[in-house]
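Written below as structure tokens is the structure these notes are about.
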Amino acid sequence: MQFQFQADLARFFQEQFQCESFPVAVELCPAEFSGDVTVSCFPFAKALRRNPMQLAGQVCEFLAAHPDIEKAEAVKAFVNLTLKPAALMRDTIADPDRLQASSLLPESERQRILIEFSAPNTNKPQHLGHVRNNTVGMATASILERAGHQVFRINLVNDRGIHICKSMLAYQRFGEGTNPEKAGKKGDHLVGDFYVRFDQEFRRQIAELKANNPAFADKDSDELFLETEIGRSAQQMLQKWEQGDPEVRQLWQTMNQWVFDGFAETYRSMGVQFEHTYLESQTYTLGRDIILKGLENQVFKRREDGAVIIEFEEPNLGSKVVLRSDGTSVYVTQDIGTTLLKQNEYQPDRQIWVVGDEQKYHFQVLFAILKALGYSWADQLTHMAYGMVNLPSGKMKSREGTVVDADDLFEEMANLAREATLQRNKDEVPADLEQRAQVISMAALKFMLLKVNPKTTILFDPQASIKFEGDTGPYVLYAYARISSMLRKAAETSKNNAQADWGLLADEAEKKLALRCALYPETIHKAARELDSSCLAAYLLDLAKDFSTFYNRCSVLNASDPALRKTRLELSARVRNIIADGLHTLTIGTLESM
RNA sequence: GUACCUGUAGCUCAGUUGGAUAGAGCGUCUGGCUACGGACCAGAAGGCCGGGGGUUCGAAUCCCUCCAGGUACGCCA
């Protein structure tokens with residue numbers, strides 16, 4: 001918000017106290033006081049080293065005489081202002097271009113930003129946890145872009161490793177030559193079934209093993225992996241894969257392709273897109289040379305057993321193996337390699353990883369190593385750690401089948417949205433019913449995930465499902481559809497060429513709505529600066545709520561005179577544009593009717 | 001054991017560069033349709049902001065401590 005009187009007040013301070021100029025902030029006046037906006041005098045009191053109450057008196061006196069202000073009232077250290085409607089509208093929404101332009105960051109602050117998210121494994125379909133990652137990743141990228149940054153969305157698919165070999169092995173043994181077409185199943189689901197099948201067989205063998213060897217009785221099953229026949233076979237398969245065994249590679253290629261095809265469909269439903277997808281099978285050896293070079297430069301050292309390690313000065317980080325004693329890479333080594341690759345290929349000013357908060361330590365280690373290696377950009381790396389999605393029964397586990405599957409969830413949600421839409425349109429089934437069901441259900445789901453702070457752990461109750469009423473995506477969509485409907489009607493019935501006159505908008509609800517609109521640019525800035533979609537989601541709810549209040553109090557199409565009607569239509573149209581802009585920034589679509 | 005995260009209304013969550021009487025939604029209870037679209041609006045009830053101490057004119061917010069829940073600390077990824 002930027003009002004004329006703020007600049008005037010700043011000048012007043014300069015003259016009155018012979019001081020440097022400092023910014024004058026305003027906020028919305030709380031509902032329990034009368035006024036449109038409030039000036040808090042605590043910041044001035046600090047800057048000027050004066051009594052805040054006394055300052056409030058002076059500020060009140062100055063502003064009461066200001067031509068834009070109808071009434072100024074000092075309450076303790078606050079000055080509550082009622083603005084003249086014409087001035088309020090002039091400084092908030094009368095000029096939509098200004099609103100649009102000010103939501104972009106200044107040129108000097110815009111960066112090239114690379115954001116990596118999703119990063120699925122190719123042994124199973126995606127579940128609600130991945131949906132949160134994808135949604136947060138896409139929305140964050142989109143928010144950064146909206147604020148003026150240049151953004152590159154990157155996926156790094158974990159397409160190799162023991163977990164994939166498990167699915168492959170189970171397929172060889174129990175698959176009977178099936179494929180997605182024969183099974184009538186999405187490829188990622190089919191491969192996931194074999195992952196679960198592997199685990200069943202593994203657990204059967206573990207039980208058998210424990211029954212026959214009392215010594216194993218209290219060991220946990222991960223420790224006994226190589227004691228089982230099927231575990232050893234999976235290990236052997238991984239070794240064959242690494243040696244490039246043609247048969248294993250062929251099967252790997254085939255099953256991975258099934259999964260990629262399945263993922264493509266899931267991504268399409270969600271509107272997820274990447275500038276580039278890296279495959280771990282092509283990058284996993286990259287970090288090793290850098291480690292060896294670092295070993296020469298004494299960033300790392302070789303332990304007696306041959307492993308290469310780094311010892312951190314920071315005690316909480318301890319020490320970390322970066323090359324195994326057999327010379328192969330570990331997880332963090334691979335990430336060092338891919339980070340450098342991305343840095344070289346995209347030359348970003350900043351890299352962001354959207355990865356679960358359980359990997360905080362990993363990223364601390366990664367960033368600390370890159371810093372130790374002397375890369376100047378190493379302090380421009382951010383781990384955007386988000387919380388898990390848990391079920392009432394606890395954590396989701398793919399191999400135990402206790403997950404909310406992404407595709408199933410999308411389908412259920414779309415069914416609910418379709419029913420609700422039909423319920424509302426009993427007379428005539430809308431031609432675009434499918435489209436509506438898709439947009440509404442995705443809006444509900446994404447909004448639910450985006451309105452909470454990314455770092456909170458979400459509890460998702462499948463029984464309670466996802467609501468379409470109250471604090472939801474559909475509520476915001478509904479405000480948009482209502483305005484659209486109103487504007488359509490206005491276009492049909494408009495017979496006059498009345499001019500908008502902003503001074504006519506004097507109702508509480510009209511002023512509140514205009515003020516809310518004016519808060520949009522700073523909300524975008526905050527969301528981008530803090531990588532937090534939730535403040536934008538909360539803003540859109542407030543905006544939609546303020547619109548609904550206005551809509552119920554102030555008649556638009558049947559307004560008492562043509563100029564008032566025209567002005568209210570203009571106001572509504574601006575609200576509609578902001579809702580659309582905001583929802584699209586959260587990667588949520590809009591509907592003209594619902 | 002050490003580090004980090006979380007603890008706010010019955011439930012799900014906002015609110016921290018310290019500022020007015022702590023806010024929404026759901027649920028519960030009252031009202032509002034001769035409708036510019038009821039996926040709505042107006043209102044009520046519901047809180048020692050996990051406990052205790054401290055700093056401050058002022059603390060949900062900062063510091064200390066305790067309690068509860070979660071996560072991480074692999075030559076797994």
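The pair A/E508-A/K512 fails the salt-bridge criterion, with no side-chain N (NZ, NE, NH1 or NH2) lying under 4.0 Å from an Asp/Glu carboxylate O. In summary, A/E510 and A/R553 do not engage in a salt bridge, as defined by a charged side-chain N under 4.0 Å from a carboxylate O. With respect to A/E592 and A/R576, a salt bridge is recorded, a charged nitrogen being found less than 4.0 Å from a carboxylate O.
Closest to the side chain of A/M486, out of B/rC36, B/rC41, B/rA72, is B/rC36. Nearest to the side chain of A/E469, among B/rA20, B/rC40, B/rA14, sits B/rC40. Comparing B/rA42, B/rC75, B/rG32 against the side chain of A/K545 picks out B/rA42 as the nearest. Relative to the side chain of A/V330, the nucleotides B/rA77, B/rA14, B/rG37 differ in distance, and B/rA77 lies closest. In this structure, of B/rA77, B/rC36, B/rU2, it is B/rC36 that holds the atom nearest to the side chain of A/S555. Relative to the side chain of A/N552, the nucleotides B/rC41, B/rA20, B/rC36 differ in distance, and B/rC41 lies closest. Among the nucleotides B/rA77, B/rC41, B/rC5, the one closest to any side-chain atom of A/Y475 is B/rC41. Distances were taken from every side-chain heavy atom of A/Q359 (C-beta onward) to each of B/rA77, B/rC5, B/rA20; the shortest belongs to B/rA77. Proximity note for A/V75 (side chain, C-beta onward) versus B/rU6, B/rA20, B/rA77: the nearest is B/rA20. When distances run from any side-chain atom of A/K76 to the nucleotides B/rG37, B/rC13, B/rU21, the shortest one goes to B/rU21.
For B/rG50 and B/rC13, the P atoms lie 15 Å apart once the distance is rounded to whole Å. The gap from the P atom of B/rG7 to that of B/rA60 amounts to 15 Å, rounded to the nearest Å. Atom P of B/rA9 sits at a distance of 30 Å from the matching atom of B/rU2, rounded to the whole Å. Comparing the P positions of B/rG46 and B/rA3 gives a spacing of 42 Å, expressed to the nearest Å. For the P atoms, the distance linking B/rG27 with B/rG18 amounts to 37 Å, nearest Å. Nucleotides B/rA45 and B/rG10 have their P atoms positioned 15 Å apart, rounded to a whole Å. Remark: the separation of the P atoms in B/rA77 and B/rA72 is 16 Å, to the nearest Å.
Checking the phosphate oxygens (OP1, OP2) of B/rA42, no side-chain nitrogen or oxygen of A/R553 falls inside 4.0 Å. OP1 and OP2 of B/rC5 both lie 4.0 Å or more from every side-chain N or O belonging to A/T457. OP1 or OP2 of B/rC76 sits under 4.0 Å from a side-chain N or O of A/R324. The shortest distance between the side-chain N/O atoms of A/S548 and the OP1/OP2 oxygens of B/rC40 is not below 4.0 Å. A/K360 has no side-chain polar atom (N or O) that falls below the 4.0 Å cut-off from OP1 or OP2 of B/rC5.
Cation-pi geometry between A/R132 and A/Y386 is not met at under 6.0 angstrom from the ring centre and within 45 degrees of the axis.
Rounded to whole angstrom, the span from the CD1 atom of A/I336 across to the P atom of B/rA77 amounts to 13 Å. Spacing between atom CZ of A/R482 and atom C1' of B/rC41 amounts to 8 Å, rounded to whole angstrom units. Going from atom NZ of A/K451 over to atom P of B/rC26 covers 10 Å, rounded to whole Å. Per the geometry, CG belonging to A/D471 stands 16 Å off P belonging to B/rA9, to the nearest Å. Between the C1' atom of B/rC4 and the CG atom of A/L317 lies a distance of 12 Å, rounded to the nearest Å. Across the protein-nucleic acid pair, A/L449 atom CG and B/rU12 atom C1' stand 13 Å apart, rounded to whole Å. If you measure from atom NZ of A/K46 to atom C1' of B/rG19, you get 8 Å, rounded to the nearest angstrom. When rounded to the nearest whole Å, the span between CZ of A/F447 and C1' of B/rC13 equals 12 Å.
A/D542 contributes no side-chain N or O that forms a donor-acceptor pair with the base of B/rA14 under 3.5 Å. The base of B/rA20 is paired with the side chain of A/T38 by a donor and an acceptor separated by under 3.5 Å.
Within 4.0 Å of A/S593, counting heavy atoms only, lies at least one base atom of the nucleic acid. Residue contacts for A/T421: at a heavy-atom cut-off of 4.0 Å it reaches a base atom on one of the strands shown. When heavy atoms are screened at a 4.0 angstrom cut-off, A/K395 is found touching the sugar-phosphate backbone but no base atom. Within the nucleic acid shown, A/R303 comes within 4.0 Å of at least one base atom, counting heavy atoms only. Looking at heavy-atom distances under 4.0 Å, A/D222 makes no contact with the nucleic acid at all. Base contact: A/I440 has a heavy atom under 4.0 Å from a base atom. Heavy atoms of A/Q423 sit nowhere under 4.0 angstrom from any nucleic acid atom. Nucleic acid contact for A/Y361: sugar-phosphate only, since backbone atoms but no base atoms lie under 4.0 Å from a heavy atom of the residue. Residue contacts for A/S325: at a heavy-atom cut-off of 4.0 Å it reaches a base atom on one of the strands shown. When heavy atoms are screened at a 4.0 angstrom cut-off, A/A481 is found touching base atoms of the nucleic acid. Within the 4.0 angstrom heavy-atom criterion, no nucleotide atom of any strand lies near A/C41. Note on A/T472: nothing from the nucleic acid sits closer than 4.0 angstrom, heavy atoms only. Within 4.0 Å of A/E419, counting heavy atoms only, lies no atom of the nucleic acid at all. When heavy atoms are screened at a 4.0 angstrom cut-off, A/M594 is found touching base atoms of the nucleic acid.
In this pair, A/F225 and A/F198 present their aromatic rings tilted. The plane angle is within the 30 to 60° band. Between A/W252 and A/W241, the ring planes are perpendicular. Angles over 60° get that label, and only those under 30° would be called parallel.
Mapped onto RNA chain B by nearest heavy atom, A/V452 and A/L28 fall at different nucleotides, with A/V452 at the one closer to the 5' end. Along RNA chain B, the nucleotide nearest A/L323 and the nucleotide nearest A/S485 are compared for position; the residue whose nucleotide lies closer to the 5' end is A/S485.
Put simply, the side chain of A/L28 reaches to within 4.5 Å of the side chain of A/R516, judged on heavy atoms. Contact of the A/V37 side chain with the A/C29 side chain is not registered, since no non-hydrogen atoms from C-beta on lie closer than 4.5 Å. Residues A/T283 and A/L156 form a side-chain contact, since some pair of their non-hydrogen atoms from C-beta on lies under 4.5 Å apart.
Around CD of A/E314, the count of heavy atoms belonging to other residues, nucleotides or ligands within 6.0 Å exceeds 12.
In this structure, A/F78 packs face-to-face on the six-membered ring of B/rA20, meeting both the 5.5 Å centre cutoff and the 30° plane limit. Taking a centre distance below 5.5 Å and an interplanar angle below 30 degrees as the stacking criterion, A/Y551 does not stack against the six-membered base ring of B/rC40.
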